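To start, the structure itself, in structure tokens.
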Amino acid sequence: MAKHFLRGAALAALVFISAPAFAQDFSAQTLSEKIRVISADDFQGRKPGTVGEEKTLAWLQAEYEAMGLQPGGPNGQWLQTIEVLRLTPKAEAVVSTTVSGQASTVAAADGLIVRAINSAGLAAVENAPVVFAGYGITAPEREWDDYGDIDVTGKVVVVMSGSPSFGSQYRRFYAQEAYKADEAFRRGAVGVITVQSDFSRTLARNGRQQTLSPGSAELQFKGWLSGELAKSWGIGTAEEETLESGAFKARALNVTVSVKAEEEKDILSTSNLIARLPGTEFPDETIIFSAHWDHVGTNDHPGDNIFNGAWDNASGTVGVVEMARQFAKNGPSKRTVVFLHATAEEMGLLGAYGYTADPVYPLETTVADINIDMLPLSGPTRDVPIFGKGQNTLEDMLDVLAKAEGRYVSDDGQPEQGFYYRSDHFPFARAGVPALMPWHGVDFVDGGVETGKAAWQERFGRVYHRPSDEWSEDLDFTSAVENLTLLYRLGRELADSRVWPTWKPESEFGQVRARSETARADRR
């Protein structure tokens, strides 16, 4: 596997070094003017389901029609409807357990919260056997499998929160509840219960409305269990050391669970907007540029109550529009290029999840997703930080292009934030598509890291998710133009090559991509 990766990376570098240059002329003035338009007060913070959505989608469609691109959504339409399902308990779930032959009814106050977090908003489980699966992780690239040979079909799986560090300071997808639910569902479980180290915090949030991500595991229920109650189920401290070493294997508990739960359903209908430039030779192979068009709207506070979202993410929205303009100007490429403006990112990446759950273009022949969320707003930088450095070979390809400009690719410098899982590239990664998310540089040409990091921290603290995130004449788009130029070259060369970016050997997403390998086997 490692040798195959090295050959692929070396080939990609060779292709990119020898590929012809393409003219591009991203304009700081154009970026500034268009960001000013869609972050203006009359767009009302671009919240899904409001007049801000109507105005934003109309503006985007007009831009793409003017440059001659085709609608890229389902059935030749510009829009892809995304139905956001929100769930609120009608009453507390009725839960009963049998532990070592002793039956009892268990309430949230006793240490077990249960929700029917699925598209039906219903759960009906009778006497399901319970399996303890450690962290609930299967990671073949790390020779780790908590499940072992146990069959969990029709059973309830209990997992610990979090994950081992796997020797990395960066968070891994394996720690997320969504991954653990996916894995349990894939194995046939009807429910998953997570042992919480701070159950009181979970209890305080019980009963709140939850949003269901499109494509989520359709389990009967999800639950959260206190450490104290877990011990009474036979989940004790004796095996904690083996959980960390990888020696643990799932085992049946002498416990059964019955659940009845129902949720009130509320649906918000919103839309992605998609444009495309069809490929000339390989039209069924797709490169996607993505950015979320939405922001958080308004609030009722006195004074300035509009969250204009000039940086987050009018800048990325306009960046993708201008990316499309460069592709259109230089003519079609061999592969199809798609420009996806995703909705409801601020609500939990829901537009991107909606796309990957019901893709317009097959994910197995989607070459890559290049996501733009908050263009850098500064003078020139030496660094090109990316989220999730070390995940896939897109970063190596980008680094070749950056070095040709005297720049370099770096990580985001904030491993504790888990940024790789917090923007619209992530649903693509979760679905196995190699995905890249560049970030704001801090190694300023004028002043270095000391100056750049201080400037970044000041700006982020002052405007992120605040009404002060507004357009102004003094915004500096130099670094935005630099990054867009690199991303255009990356996208264009991918679109005119036979390169298929791959996940690196220790990435958690390689196993997902591998499931569709046959679809790409004869396309190299």
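Computed from a prediction, not measured in an experiment: that's the story for all the values here.
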Legend entry - Residues which pass ring-ring contact (aromatic ring centres under 6.0 Å, His included) with Trp144, listed by chain and number, not counting sequence neighbours: Phe166

Residues forming a side chain to side chain contact (heavy atoms under 4.5 Å, CB included) with [X], sequence neighbours excluded:
X      : answer
Phe185 : Ala217, Glu218, Leu219
Leu475 : Leu377, Arg459, Trp471, Ser472, Phe477
Ala175 : Ser163
Thr202 : Ile113, Gln196, Arg205, Trp224

Counting only N and O atoms by type, is there a donor-acceptor contact under 3.5 Å from the side chain of [X] to the main-chain atoms of [Y]?
X      : Y      : result
Arg422 : Gln417 : yes
Asp383 : Val442 : yes
Asn313 : Ile372 : yes

What residues form a salt bridge (Lys or Arg N to Asp or Glu O under 4.0 Å) with [X], not counting sequence neighbours?
X      : result
Arg462 : Glu458
Lys334 : none
Arg466 : none
Lys34  : Glu63, Glu322

Legend entry - Trace of the side chain to side chain contact (heavy atoms under 4.5 Å, CB included) decision for Trp311 with His465: CA-CA 9 Å; Trp311 192 19; His465 278 207; over 6 Å; no

For residues [X] and [Y], determine if any side-chain heavy atom of one lies less than 4.5 Å from a side-chain heavy atom of the other.
X      : Y      : result
Trp500 : Glu285 : yes
Ile288 : Thr366 : yes
Glu395 : Lys504 : yes
Pro283 : Thr336 : yes
Thr393 : Pro501 : yes
Glu183 : Tyr147 : yes
Asp312 : His295 : yes
Tyr179 : Ile137 : yes

For [Y], is there an ion pair with [X] - N to carboxylate O distance below 4.0 angstrom?
X      : Y      : answer
Glu177 : Lys180 : no
Glu517 : Arg513 : no
Asp182 : Arg186 : no
Asp443 : Arg382 : yes
Asp284 : Arg523 : yes

Legend entry - Residues that Thr485 engages under side chain to side chain donor-acceptor pair (under 3.5 Å), provided they are two or more places apart: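 Once residues adjacent in sequence are excluded, Thr485 has no partner under the side chain to side chain donor-acceptor pair (under 3.5 Å) criterion.
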
Inset, instruction - Using the test side chain to side chain donor-acceptor pair (under 3.5 Å), find all partners of Arg208 that sit at least two apart in sequence or belong to another chain. - result: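 Partners of Arg208 under the side chain to side chain donor-acceptor pair (under 3.5 Å) test: none.
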
Would you name the heavy atoms of [X] and [Y] that are closest together and state the gap between them?
X      : Y      : result
Tyr421 : Arg172 : OH-CA, 3.1 Å
Ala357 : Pro359 : C-CD, 3.6 Å
Pro376 : Ser479 : O-OG, 3.2 Å
Ser271 : Leu57  : CB-CD1, 3.9 Å
Lys265 : Ala120 : CD-O, 3.7 Å
Val433 : Trp503 : O-CZ2, 3.1 Å

Verify the distance criterion only: is there a donor paired with an acceptor across the side chains of [X] and [Y] at less than 3.5 Å?
X      : Y      : result
Arg407 : Thr381 : yes
Ser290 : Asp424 : no
Glu53  : Thr270 : yes
Thr138 : Asp145 : yes
Ser507 : Gln391 : yes

Nearest 0.5 Å, please: how far is [atom2] in [Y] from [atom1] in [X]?
X      : Y      : atom1 : atom2 : answer
Leu69  : Phe327 : CG    : CZ    : 10.5 Å
His292 : Thr317 : NE2   : OG1   : 7.0 Å
Met397 : Asn392 : CE    : CG    : 8.5 Å

Legend entry - Trace of the ring-ring contact (aromatic ring centres under 6.0 Å, His included) decision for Trp456 with Trp439: CA-CA 11 Å; Trp456 148 253; Trp439 194 227; 5.4 Å; yes

Inset, instruction - Kindly state each residue pair satisfying ring pair (Phe, Tyr, Trp, His ring centres under 6.0 Å) with at least one member in residues 348-374, sequence neighbours excluded. - result: Tyr355-Phe428

Legend entry - From CA spacing to verdict: side-chain hydrogen bond (donor to acceptor under 3.5 Å, both in side chains), Asp294, Thr343: CA-CA 6 Å; Asp294 67 303; Thr343 185; 5.4 Å; no

Legend entry - Candidates Arg46, Met347, Glu346 - the one meeting side chain to side chain contact (heavy atoms under 4.5 Å, CB included) with Val296: Glu346

Inset, instruction - Would you sort out whether Asn308 and Asp469 count as a side chain to side chain contact (heavy atoms under 4.5 Å, CB included), showing the intermediate values? - result: CA-CA 6 Å; Asn308 302 82; Asp469 183 6; 5.9 Å; no

Inset, instruction - Please work out which of the three classes, parallel, tilted or perpendicular, describes the rings of Phe26 and Tyr488, given edges at 30° and 60°. - result: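 Answer is perpendicular, since the angle exceeds 60°.
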
Inset, instruction - Among Trp293, Tyr64, Trp59, find the residue that satisfies the ring-ring contact (aromatic ring centres under 6.0 Å, His included) test when tested with His341. - result: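 The option that passes is Tyr64.
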
Legend entry - Over 12 non-hydrogen atoms of neighbours within 6.0 angstrom of CG in Asn299: yes

Inset, instruction - Would you indicate whether Arg515, at its atom CZ, is surrounded by more than 12 heavy atoms from other residues, nucleotides or ligands within a distance under 6.0 Å? - result: yes

Inset, instruction - Step by step, work out the ring-ring contact (aromatic ring centres under 6.0 Å, His included) result for Phe509 and Phe173. - result: CA-CA 9 Å; Phe509 306 107; Phe173 179 41; 5.8 Å; yes

